[in-house]
Amino acid sequence: MSQQYSKAETRQQNKTIWSVITASSLGTLIEWYDFYIFGSLAVVLADKFFPSANPTAAFLSTLATFAAGFVVRPFGALFFGRLGDIIGRKYTFLVTLLIMGGATFLIGCIPSYETIGFLAPVLVLLLRLLQGLALGGEYGGAATYVAEYAQPNRRGYWTSWIQTTATIGLFVSLIVILITKKTLSAEAFDSWGWRVPFWISILMVGVSYIIRKNMKESPLFAKAKEEGKTSKNPLKESFGNRFNFKFVLLALFGAAMGQGVVWYTGQFYAMSFLQKVMNINSAQVDSLMAIALLMGTPLFVVFGALSDRYGRKIIMMLGMAIAIVCYRPIYSKMFATTDVTKKTLTENGISQKVTTKADPKHEGDQLTTYSSISTYTDGTELKKDSVVHIQADPAAKPIAAKVTKSITVNDSDKWTLIFLVFIQVVFVTMVYGPIAAFLVEMFPIRIRYTSMSLPYHIGNGVFGGLLPFVATYFVSSAQKAGNPDWYLQGLWYPIIIAAICLVIGVLYINGKDKSVKD
């Protein structure tokens with residue numbers, strides 16, 4: 001029989017849960033901001049921290065470093081999950097917050113590849129690994145903490161507020177980058193301004209630490225600890241017990257794996273596709289992504305609440321199924337908006353300019369830039385720069401010309417792209433909104449932090465985190481091979497992973513157990 005509450009008790013519970021959500025969400029949001037800044041500035045970081053001779057290889061190296069932070073998240077889940085189940089939820093995610101904030105700030109302080117050579121990417125990788133370890137311990141603690149405070153019939157609704165923090169963190173990172181770009185000149189941003197978003201995080205971490213320090217421990221965990229019912233070895237109980245381990249595997253392959261690839265397709269791969277495949281200028285990509293995310297974020301709470309009414313399983317499985325069917329048509333439409341081979345040039349469609357200046361990095365050498373701007377009848381503009389490095393020493397090895405493209409889309413196409421990204425964010429909210437409550441309800445208090453963290457972070461950190469790198473590699477390989485649909489080949493990764501997860505989830509997940517007190 002469900003427990004009944006008076007209006008006064010309900011108001012007090014709502015007040016308590018809102019303070020819990022505020023404290024948990026603010027810290028989680030900042031950690032996601034810290035984590036996403038790296039991904040949002042991947043194009044810039046590729047130029048700063050990796051050899052510039054091969055831009056594609058440098059970008060892939062940056063994505064691989066970005067992915068490394070995701071790959072180590074399961075190890076962070078094991079380490080901090082164990083602490084959370086032994087020591088407590090509160091103190092564990094205080095530590096993760098400080099590690100994340102410190103690593104992010106230090107990334108903004110690392111000298112460029114031109115200054116310290118290969119030490120630069122090595123330091124970035126090490127700090128990125130620390131970020132991943134910290135995030136591995138953060139999410140499980142925040143989700144568990146909120147779920148153990150929430151009323152049973154509204155757990156999906158309340159925990160879905162934690163789910164919004166990932167997207168809001170990405171949104172805030174884009175806004176900070178946009179403001180920084182607008183405030184500084186292009187030269188200043190390229191020189192040092194890109195570091196500002198990394199430095200800002202230390203201020204936000206300080207505020208969040210003060211708030212979290214004043215939080216109380218989860219009442220369910222505090223009660224279990226007082227009664228001596230906490231686990232002495234959460235890792236062994238979670239993964240050494242065949243019954244519990246079966247649920248860990250089911251949570252991973254029947255829910256978290258598919259949720260991870262849908263999430264990163266709709267947010268990170270969409271952004272990477274707009275920048276690297278469609279060649280839209282980065283400022284316009286940031287703005288349209290920010291608008292789409294802002295429009296879609298409230299739906300996390302909507303689908304979290306719907307999962308309280310209709311069940312977590314049906315909402316998540318439906319989100320995966322629709323995403324699988326719709327990805328290729330959506331990305332075909334996205335690509336078509338900037339396909340200049342299908343557009344018509346204006347009467348005076350191409351303007352050209354040649355500039356030559358001394359190379360600031362190599363005395364005596366010169367850089368000659370051949371610039372052209374193509375204007376099309378629908379308002380689209382394509383800017384192409386070819387930079388030729390002319391060396392003073394004629395016997396020196398020739399340096400290949402560096403060619404960059406930048407497309408500015410018209411207002412109509414911009415809103416088309418915003419809508420197409422928004423649709424993908426809807427898929428994200430369907431699979432991600434209910435999953436915190438779903439995972440918390442699968443495992444008992446004594447091993448909950450550890451047990452739910454691992455499948456979540458393997459699903460998101462490994463399967464989801466590898467998506468930008470794997471998808472970009474598939475696209476690059478297909479383009480070199482002359483595949484006419486090269487730009488769609490990266491989608492096979494999320495489609496196949498989500499399809500496998502959908503089948504397992506539909507067949508084997510029960511989804512009816514909603515107790516968190518066991």
Side-chain angles (χ1 to χ4, degrees), residues 29 32-46 59 62-63 66 163-182 189 194 196-198 200 260-300 323 326-327 330-331 333-338 380 405-432 460 464-465 467-469 471-472 475 487 490-491 494:
L29 184 154
W32 282 118
Y33 165 86
D34 289 350
F35 205 69
Y36 283 154
I37 279 292
F38 193 99
S40 301
L41 290 172
V43 176
V44 178
L45 298 180
F59 183 65
T62 306
L63 290 181
F66 180 62
Q163 308 305 85
T164 66
T165 60
T167 298
I168 295 174
L170 176 56
F171 174 77
V172 172
S173 75
L174 294 176
I175 293 299
V176 170
I177 292 168
L178 277 173
I179 292 173
T180 307
K181 286 181 176 178
K182 292 289 185 183
F189 182 83
W194 60 270
V196 172
F198 290 93
I200 287 175
V261 295
V262 170
W263 183 20
Y264 288 104
T265 301
Q267 297 189 158
F268 272 109
Y269 185 62
M271 183 166 61
S272 175
F273 188 86
L274 291 166
Q275 284 184 326
K276 301 301 292 184
V277 177
M278 296 172 62
N279 296 308
I280 298 176
N281 75 73
S282 60
Q284 199 167 42
V285 170
D286 290 345
S287 66
L288 69 86
M289 285 295 300
I291 293 170
L293 292 171
L294 185 63
M295 292 166 55
T297 296
L299 295 177
F300 285 107
C326 294
Y327 275 150
I330 286 174
Y331 277 82
K333 178 65 176 175
M334 288 171 65
F335 185 79
T337 61
T338 57
T380 300
K405 296 179 181 179
S406 176
I407 291 177
T408 302
V409 299
N410 59 55
D411 286 341
S412 175
D413 286 343
K414 178 181 177 180
W415 282 103
T416 297
L417 291 171
I418 288 171
F419 175 73
L420 293 172
V421 174
F422 167 73
I423 293 298
Q424 296 178 68
V425 176
V426 174
F427 305 154
V428 173
T429 59
M430 292 180 73
V431 298
Y432 196 56
N460 287 269
L467 190 149
F469 176 79
T472 300
V475 168
Y487 53 91
L491 295 171

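Under the side chain to side chain contact (heavy atoms under 4.5 Å, CB included) criterion, Thr416 pairs with Lys333, Thr337, Leu420, sequence neighbours left out.
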Checklist entry - Hey, mind stepping through Leu174 and Met271 against side-chain contact (heavy atoms from CB on, under 4.5 Å) and telling me if it holds? => result CA-CA 11 Å; Leu174 294 176; Met271 183 166 61; 3.9 Å; yes
Checklist entry - Do Trp194 and Ile177 pass the side-chain contact (heavy atoms from CB on, under 4.5 Å) test, and can you show the C-alpha distance, the side-chain angles, and the key distance before you say yes or no? => result CA-CA 8 Å; Trp194 60 270; Ile177 292 168; over 6 Å; no
Next on the checklist: Using side-chain contact (heavy atoms from CB on, under 4.5 Å), reason through Leu288 and Trp415 one step at a time and then give a plain yes or no.
Outcome noted: CA-CA 8 Å; Leu288 69 86; Trp415 282 103; over 6 Å; no
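For an aromatic pair to be called close, the ring centres must be under 6.0 Å apart, and Tyr264 with Tyr269 fails this.
At a threshold of 4.5 Å between non-hydrogen side-chain atoms, the residues Ile168 and Phe300 do not count as touching. In this structure, Ile330 and Ile423 have side chains that are in contact, with non-hydrogen atoms separated by less than 4.5 Å. Under the 4.5 Å side-chain criterion, counting only non-hydrogen atoms from C-beta, Tyr327 is in contact with Gln424. Here the side chains of Ser287 and Lys414 are in contact, with some heavy-atom distance below 4.5 Å. Using a 4.5 Å cut-off on side-chain heavy atoms (C-beta onward), Val277 and Tyr331 make no contact. Using a 4.5 Å cut-off on side-chain heavy atoms (C-beta onward), Asn279 and Thr338 make no contact. Within the 4.5 Å cutoff, no side-chain heavy atoms of Ile291 are placed close to those of Val421. Counting heavy atoms from C-beta on, the side chains of Tyr432 and Val425 never come closer than 4.5 Å.
Among all heavy-atom pairs drawn from Val428 and Gly266, the shortest one is CG2-CA, 4.1 Å. Taking both residues in full, the closest heavy atoms of Pro494 and Thr265 are given as CB-OG1, 3.2 Å, listed atom of the first, atom of the second, then distance. In this structure, Ser282 and Gln275 approach most closely via the heavy-atom pair CB-NE2, 3.6 Å. Scanning both residues, Val475 and Gly490, for their nearest heavy atoms gives CG2-N, 3.6 Å. Closest of all the heavy-atom pairs between Thr472 and Pro468 is OG1-O, 2.6 Å. The shortest non-hydrogen separation linking Gln284 to Ile407 is OE1-O, 3.9 Å.
Shown here is Phe335, whose CZ atom has more than 12 heavy atoms of other residues, nucleotides or ligands within 6.0 Å.
Put simply, OG1 on Thr180 and CD1 on Ile200 are 5.5 Å apart, with the number rounded to the nearest 0.5 Å. In this structure, the separation between CG on Leu467 and CG on Leu491 is 8.5 Å, given to the nearest 0.5 Å. Met295 contributes atom CE, which lies 8.0 Å from atom CZ of Phe419 (distance to the nearest 0.5 angstrom). Rounding to the nearest 0.5 Å places OH of Tyr33 at 11.0 Å from CD1 of Ile175. Note: Met289 CE to Leu417 CG = 11.0 Å, rounded to the nearest 0.5 Å.
In this structure, the side chain of Ser272 does not engage the main chain of Phe268 through any donor-acceptor pair within 3.5 Å.
Sorted by first then second residue, the salt bridge (charged side-chain N to carboxylate O under 4.0 Å, His left out) pairs that include residues 277-293, not counting sequence neighbours, are Lys181-Asp286.
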